[in-house]
4 protein chains.
Amino acid sequence: MKRQSSKQRKRGTILQAASALFSDRDYHLVLMDDVATRARVGKGTLYRYFPTKEALYIATVLDAWERVRVEIEEVFRDESRIGENLETMTRRVLTFFWPRRHFIALLRDSMENPEWRRAHEAVVLLVESELEREGLVGSLPGVDLRMAVELFLGMLRAALLYRDARSRPETLAHLIVKLYLDGIRGLSAGGPDAIAPGAITAGLVAAALEEPVED
Amino acid sequence: MKRQSSKQRKRGTILQAASALFSDRDYHLVLMDDVATRARVGKGTLYRYFPTKEALYIATVLDAWERVRVEIEEVFRDESRIGENLETMTRRVLTFFWPRRHFIALLRDSMENPEWRRAHEAVVLLVESELEREGLVGSLPGVDLRMAVELFLGMLRAALLYRDARSRPETLAHLIVKLYLDGIRGLSAGGPDAIAPGAITAGLVAAALEEPVED
Amino acid sequence: MKRQSSKQRKRGTILQAASALFSDRDYHLVLMDDVATRARVGKGTLYRYFPTKEALYIATVLDAWERVRVEIEEVFRDESRIGENLETMTRRVLTFFWPRRHFIALLRDSMENPEWRRAHEAVVLLVESELEREGLVGSLPGVDLRMAVELFLGMLRAALLYRDARSRPETLAHLIVKLYLDGIRGLSAGGPDAIAPGAITAGLVAAALEEPVED
Amino acid sequence: MKRQSSKQRKRGTILQAASALFSDRDYHLVLMDDVATRARVGKGTLYRYFPTKEALYIATVLDAWERVRVEIEEVFRDESRIGENLETMTRRVLTFFWPRRHFIALLRDSMENPEWRRAHEAVVLLVESELEREGLVGSLPGVDLRMAVELFLGMLRAALLYRDARSRPETLAHLIVKLYLDGIRGLSAGGPDAIAPGAITAGLVAAALEEPVED
DNA sequence: AATGAATGAGTTTTCATTCAT
DNA sequence: TATGAATGAAAACTCATTCAT
């Protein structure tokens with residue numbers, strides 16, 4: 001059962017090489033030659049496993065999301081008390097990405113490609129379900145649950161991208177989760193007033209709109 | 001009101017064309033020909049103002065950051081009560097970027113280039129000083145002020161990237177600021193306990209470390 | 001009579017700037033911008049005096065040959081005893097080009113352009129007539145006078161191109177002229193035997209010819 | 001007879017194509033596309049063997065010098081009587097270049113590039129050693145051996161560049177060598193007087209010096 | 001099945017020439 | 001008449017993809 005076919009194993013090797021490269025530098029700075037060299041296969045072999053460079057890239061990103069999903073799912077499988085799961089997951093994700101700093105770059109443009117969107121969605125849903133299970137956001141007036149999760153993930157990304165030498169994944173995980181949960185609780189306590197949009201200067205909106213969007 | 005030299009005006013025209021293109025698609029999918037066509041100048045003219053394509057790109061990103069900084073600075077110039085400024089700023093930034101959705105892509109990898117890092121830093125410092133002025137984070141035990149700001153910006157980015165058709169900048173601004181401020185206040189109230197890192201499975205860390213970072 | 005029109009003066013200025021540049025580096029490394037800058041005129045002005053870059057280059061080379069011709073002619077105008085004139089001329093030419101080392105580069109490809117060929121020819125004829133007047137080569141059996149002159153000029157070029165720090169124009173002039181005249185005298189003394197071509201290995205010629213000339 | 005690796009053979013093919021083109025027209029008039037077409041390889045292949053156009057050009061010139069050196073060395077390997085070798089070599093070089101008239105253009109600016117200078121030097125040394133072996137120039141008072149060789153090569157170049165339809169390599173070889181050797185012998189017979197520089201008009205030197213070198 | 005040499009379409013960049021001021 | 005900003009045709013070079021071995 002565990003034995004992968006030699007084919008699958010080589011595919012994995014290539015994917016791993018591509019991951020390392022794509023998360024380190026921009027798509028167009030990674031040459032197929034580089035991938036082949038790193039994976040220790042001939043360049044032609046790459047094309048036996050992935051029809052184009054883009055296909056390889058897409059597979060790489062999907063694979064990255066999948067790893068995150070698995071990482072998170074594992075945590076959520078065991079039942080614990082509220083708040084505990086979220087922090088464990090956060091800690092785990094941060095720890096996983098800690099030595100793969102640039103790996104996060106692969107998770108960025110997730111909306112462009114339908115497959116990526118789906119992979120991103122899967123993670124969002126997972127976190128969403130957890131938040132709901134913990135009774136945190138379900139009843140918030142006017143708050144979009146999906147967006148609430150995205151905000152949370154946004155903080156995770158920021159933490160990974162802008163951490164400094166003294167940062168520790170555990171400390172950051174605790175910080176982020178506490179901040180987030182307290183914030184969320186504040187929202188639900190705030191009542192209808194909480195979502196009052198606040199007056200916005202008509203002029204500002206007008207200005208923003210009159211300037212041609214596309215240029 | 002201030003008359004710009006013809007030179008500055010043309011530079012601006014080119015920058016605007018480049019912005020539109022670079023925020024719509026990837027660097028390598030934007031041809032200098034495209035920029036020239038859009039800016040309605042000859043290709044050679046591009047090179048009179050920017051020595052290379054990369055220089056043009058860098059200038060474009062710097063310009064984007066500068067616009068954001070100006071946007072924010074304007075708000076922070078007038079004194080108001082706590083929370084008000086932050087929300088106004090957030091609303092303003094969101095509104096500014098609302099019709100320039102992909103523009104945010106330009107602000108991403110800000111750490112790669114020293115100039116970008118500096119531009120990013122300038123914005124972070126601005127927000128930081130505001131948070132401090134409002135007495136929000138200065139006294140937080142164990143919380144890195146810089147990181148606190150990055151987390152906030154991370155939510156802003158997420159909001160812009162993953163907003164849906166029903167999202168409104170004002171609503172999101174209110175949501176984010178409330179969540180953030182409540183969370184921050186919770187942290188300062190939490191005391192030393194708040195930053196207890198929480199036990200982390202030794203195995204997890206070990207696993208993360210033993211796996212070659214580079215793969 | 002001496003007053004040149006302002007037009008002629010400016011033409012001269014441009015030509016001088018072009019000379020300095022073209023003799024220092026290859027044609028395609030000299031930009032019209034450089035010439036304009038050096039001549040302290042606008043780029044457009046260049047085109048009022050020379051229709052194209054190539055025309056400017058051609059004029060530059062012609063001008064260089066003309067300077068050499070004038071230099072030589074002056075010497076040949078006054079009558080002296082045999083050998084004296086040739087050495088004086090040689091000394092003069094070497095001295096003239098001494099500080100203009102690369103200038104000689106301008107005089108190279110003289111066969112390509114009909115005007116250059118004519119200018120080159122004029123100098124050759126001048127030297128030729130001098131050699132003949134001195135009774136040196138006129139009666140040589142089987143020796144092409146024209147070629148005899150070219151061989152002499154070939155040594156001049158070599159002297160200028162490959163001189164070293166210790167070389168002095170006067171010493172070289174003396175050396176070259178003495179070597180040349182003694183050589184020439186030897187030829188005329190040698191009799192018909194002197195020009196027996198010497199057997200050439202048939203194989204060598206064959207080999208040279210069978211290899212496609214154009215490759 | 002010696003089987004070259006396919007790699008070396010293709011390199012040779014490219015070099016040959018480049019030679020033909022570069023000796024026919026100026027560097028900048030030879031397009032990499034032309035070279036590729038003539039060598040019957042794809043443009044990319046050119047760059048697999050030579051990193052830049054300039055590198056290809058440099059290699060072409062080096063190759064030309066190398067051919068000449070080999071040509072000369074072969075002659076000098078067998079011992080013969082004085083004067084014989086020099087004429088044989090000259091004949092051989094002239095014969096070799098006879099159908100490759102423009103090829104000589106490749107050997108021109110040999111001082112610019114250190115590698116070229118070395119290649120040029122190698123040929124000079126070869127001839128130099130032959131002259132010395134024949135006891136021709138070693139004892140010349142005040143005559144720079146190196147320069148003596150350069151003068152000789154200067155005549156060779158002139159012969160190739162300015163030959164006409166009736167010229168024959170054997171005749172020219174005989175002429176040049178006789179002229180040269182008689183001249184050289186005259187020098188050694190001339191005694192110290194021979195190198196008296198001859199008075200030079202102070203005014204001329206002054207004029208040469210005062211005129212800005214750079215114009 | 002695996003390889004890596006060969007390919008050429010596609011890009012950036014240069015610079016002689018023009019022309020509005 | 002003189003200028004130099006603007007232009008775009010032309011040229012070097014790259015790299016994903018193919019295919020003979």
Side-chain angles (χ1 to χ4, degrees), chain A residues 6-7 10 14 27-37 39-57, chain B residues 5-7 10-11 13-14 27-37 39-57, chain C residues 6-7 10 27-37 39-57, chain D residues 5-7 10-11 14 27-37 39-57:
Chain A
S6 146
K7 196 135 192 170
K10 186 159 288 184
I14 292 172
Y27 177 79
H28 287 88
L29 293 181
V30 174
L31 310 189
M32 288 304 259
D33 255 317
D34 299 343
V35 179
T37 301
R40 295 177 190 270
V41 297
K43 216 179 338 163
T45 306
L46 259 33
Y47 286 85
R48 293 196 67 76
Y49 292 85
F50 303 93
T52 63
K53 183 186 182 185
E54 178 152 12
L56 172 58
Y57 181 59
Chain B
S5 71
S6 144
K7 196 136 195 166
K10 185 152 290 185
R11 203 189 117 99
T13 307
I14 293 172
Y27 178 80
H28 287 87
L29 294 180
V30 175
L31 308 191
M32 288 304 259
D33 259 317
D34 300 343
V35 180
T37 301
R40 293 174 190 271
V41 297
K43 214 177 340 161
T45 305
L46 259 34
Y47 286 87
R48 289 190 66 76
Y49 291 85
F50 303 93
T52 62
K53 182 186 181 185
E54 176 152 13
L56 172 58
Y57 181 58
Chain C
S6 145
K7 196 136 194 171
K10 186 160 287 185
Y27 179 80
H28 287 88
L29 295 181
V30 174
L31 310 189
M32 289 303 260
D33 254 317
D34 299 342
V35 179
T37 301
R40 295 175 189 271
V41 298
K43 217 180 335 168
T45 306
L46 258 32
Y47 286 85
R48 293 196 67 76
Y49 291 85
F50 303 92
T52 64
K53 183 188 181 184
E54 177 152 13
L56 173 58
Y57 181 59
Chain D
S5 71
S6 143
K7 197 137 195 168
K10 185 153 287 183
R11 203 191 117 100
I14 293 173
Y27 178 80
H28 286 88
L29 295 180
V30 175
L31 308 192
M32 288 305 259
D33 261 317
D34 299 343
V35 180
T37 301
R40 294 174 188 272
V41 297
K43 210 178 346 160
T45 306
L46 258 34
Y47 287 87
R48 288 190 66 75
Y49 290 85
F50 304 93
T52 63
K53 182 186 182 185
E54 176 152 14
L56 173 58
Y57 181 58

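Just the heavy atoms: all of them, side chains too, but no hydrogens, waters or symmetry mates, feed the values below. To find a chain, count down the sequence lines: A is the first, B the second, and so on, and within it residues start at 1.
If you find the closest nucleotide of DNA chain E to G42(A) and to L46(D), the one lying nearer the 5' end belongs to G42(A). Checking V41(C) against T45(B), the closest nucleotide of DNA chain F that is more toward the 5' end is the one next to V41(C).
A straight line from CD of E54(B) to P of dT12(E) spans 12 Å, rounded to a whole angstrom. In this structure, L29(C) atom CG and dA16(E) atom C1' are separated by 15 Å, rounded to whole Å. dA2(E) atom C1' lies 17 Å from atom CZ of R40(A), rounded to whole Å. Taking atom CZ on R48(C) and atom C1' on dT3(F), their separation rounds to 11 Å, with Å as the unit. Put simply, CG on D34(B) is 14 Å from P on dG10(E), counting in whole angstrom units.
With values rounded to the nearest 0.5 angstrom, L31(C) atom CG is found 6.5 Å from K53(C) atom NZ. Put simply, NZ on K10(B) and OH on Y49(B) are 5.5 Å apart, with the number rounded to the nearest 0.5 Å. Expressed to the nearest 0.5 Å, how far CG of L29(D) lies from OH of Y27(D) amounts to 12.0 Å. Summarising the geometry, atom OG1 belonging to T45(D) is positioned 11.5 Å from atom NZ belonging to K43(D); distances are rounded to the nearest 0.5 Å. Note that CD1 of I14(A) is 14.0 Å distant from CZ of R40(A), once rounded to the nearest 0.5 Å.
The residue Y49(B) sits close only to the backbone: its heavy atoms come under 4.0 Å of sugar-phosphate atoms, none of a base.
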Quick one: the dot-bracket string of DNA chain E, using Watson-Crick and G-U wobble pairs with both distances under 3.5 Å, [ ] for crossing pairs and | for bases paired to another strand.
.||||||||||||||||||||
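Between K10(A) and dA1(E) there is no side-chain polar atom (N or O) within less than 4.0 angstrom of OP1 or OP2.
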For V41(B) and T13(B): C-alpha separation, side-chain torsions, deciding distance, then whether side chain to side chain contact (heavy atoms under 4.5 Å, CB included) applies.
CA-CA 9 Å; V41(B) 297; T13(B) 307; 5.7 Å; no
Got a list of protein N/O to nucleotides 9-12 of chain F N/O distances below 3.5 Å?
from	atom 1	to	atom 2	distance (Å)
dA12(F)	OP1	K53(D)	NZ	2.9

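Applying the side chain to side chain contact (heavy atoms under 4.5 Å, CB included) test between M32(C) and each of T52(C), L46(C), T37(C) identifies L46(C) as the sole match.
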